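Data block below; observations after.
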Amino acid sequence: MSAAKVDLVIKGGRVVSESGIVDANIAVTDGKIAGIFAPALAPDATQVIDATGRYVLPGLIDVHVHFREPGMAHKENWTTGSQAAAVGGVTTVFEMPNTDPPTDNLNNLATKRDLAERQSIVDFGLYGLLGEHNLSELERLADGGVIGFKLFLGNTTGDLPCPDDGAVLEGFEILASLGLRCSIHAENSPILFWRQRALQAAKRNDPLAHLAARTDVVALEALNRSATLAEWTGARIHIVHESCARSIDFIKFWKGRGVDLTVETLPQYLYLDAEMMLDDGGEVIRMNPPIREKAHQEPLWQAVLDGTIDMISTDHAPHAIEEKRGDDVWKLACGFPGVETSLPLMLTAVNRGRLRIEDIAKLMAASPARAFGLYGQKGVIAVGADADITLVDLNAEAVLSASSLHSKGKCSAYEGMTVKGLPVMTLVRGHVVAKNGEPVAEQPRGRMVSPTMPAPRPRNQATTLKAVLEPHQKPYGDPF
Ligand code: DOR
Ligand code: ZN
């Protein structure tokens, strides 16, 4: 029966979805899942992967990585970044626009796409920048297939200026009618710069001065401003790297009001705390928003478990190690690698009984896919979906260390920590891209993915800047 032969069968594993676990064999043809069979059944296949004793997860989607090309390839490039992702069980990354040049027009998008297509061993979405200078480019970038937009309200690597609030409102008006999601670095720039200048004047250059500049209200204000403008316009927003326990009630409030708001947190906010910055070499965990006091961790875990926080991503932010070390905190690069350690860290939490492996399928695959218009194609093991699959050995252990990272950023915030639960094989559209902690790809085959979002739901359209610029328009908002 050679006609019925499929390309690949992944046999004997425990297949995980957000709603449960079933023992099943998975058939793959032409890079897509062609069938899911009871353990006793499986079609003939050209290749068989024995998944006995393994959990079979939908390939992970990390909606927040910085792969640095073009412009900062000494920190990372698409080869090393995508290899790190593959080793970490991540099959699709969404890459941030704070490169040099930033991804702020079609030309720069094409440059980045070309670099990624030539090198990436995993699939990728590319963010466009929402900046004050490029509002007229947003529609073109959407047509160019960006996965969504990124708005830097808070200053970070690349020093992209925070747009004026008027520009943010106009940007949201445009994005609301396009329907794409806008990921937001929600920190208040004027406050954090004001405090930083005062701290510097007072000769506070110690690691904790960074947290002092960016205390909770810096994040809270920007979260609530973002949500206010999103509600008014109907823009879809995603809050990146939520670090702050005090935000949680506000996230519930805005979601309860019907704002199309999704939120991510990062393993580093769940595992690290500010005191660690005082350890020898601890300054390397400087990042934006800062690693906060330990008291934030437990509420963040609870918000992950109860669904207030939708997903886990990494803010994989590699830098050369020399850029990360030194005595003056203000001079240190912000951020550190994460894409290859996040799954082991989250599986360790599964082994500790903090969450279930089904929660991993939701937080790291299904929810990101749903939020950014990829669900069905990605984020789920189902017939017709891309065969993006991550095999996990929940009993395997490893000691995390900077030297074993595949990222160019040889910096570990978790040096010496033992993790339990490792990805042992990663497949992108049916091709093995990593095995037992090492990348394996005969050639880069990463493809760009673009979103299919639900119909846009703009609000208050009679008050948009575009509408009121027309003569004789009545600038009346929606009834309430
Ligand atoms: O610490 C950070 N580093 N936070 C960000 O938001 C950006 C990132 C980077 O690009 O280095
Ligand atoms: Zn980031």
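What you see below is based on every heavy atom in this structure, not just the backbone, and it leaves out hydrogens, waters and symmetry mates. Counting convention: from 1, in listed order, for ligands and their atoms alike. Predicted model, so just to flag it, every value in this text is computed and none were measured.
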**Criterion ring-ring contact (aromatic ring centres under 6.0 Å, His included) on His241 and His185, from CA distance to verdict** = CA-CA 7 Å; His241 43 43; His185 180 131; 4.5 Å; yes
**Request:** For side-chain contact (heavy atoms from CB on, under 4.5 Å), just list the numbers for Gln377 and Val449, CA-CA rounded to whole Å, side-chain angles, deciding distance to a tenth of an Å, and then say yes or no.
**Result:** CA-CA 10 Å; Gln377 180 193 350; Val449 293; 4.1 Å; yes
**Phe152 vs Leu129, side-chain contact (heavy atoms from CB on, under 4.5 Å): CA-CA, chis, key distance, verdict** = CA-CA 8 Å; Phe152 289 93; Leu129 181 75; 3.8 Å; yes
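Applying the salt bridge (charged side-chain N to carboxylate O under 4.0 Å, His left out) test to residues at least two apart or on different chains, the pairs with a partner in residues 72-100 are Lys75-Glu323, Glu95-Lys112.
By the 4.5 Å heavy-atom criterion applied to side chains, Phe67 and Thr80 are not counted as neighbours.
Within the protein, the number of N/O/S atoms found under 2.8 Å from the Zn ion (ligand 2) is 3.
A salt bridge links Lys255 and Asp310; the closest N-O separation between the charged side-chain nitrogens and carboxylate oxygens is under 4.0 Å.
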Side-chain donor/acceptor pairs under 3.5 Å, residues 265-272, sequence neighbours excluded:
| unit_1 | atom_1 | unit_2 | atom_2 | d |
| --- | --- | --- | --- | --- |
| Thr265 | OG1 | Glu242 | O | 2.7 |
| Gln268 | NE2 | Thr314 | O | 3.1 |
| Tyr269 | OH | Pro289 | O | 2.7 |
| Tyr271 | OH | Leu345 | O | 2.6 |

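Near ligand 1, residues His66, Arg68, Asn98, Thr156, Thr157, His185, His241, Met287, Asn288, Asp315, Ala317, His319, Cys334, Gly335 each place a heavy atom inside the 4.0 Å sphere around the ligand atoms.
Aromatic rings of Phe372 and His238 (six-membered ring for Trp) have centroids within the 6.0 Å cut-off, being under it.
For the pair Arg459 and Trp232, the cation-pi test (distance below 6.0 Å, angle within 45°) is failed.
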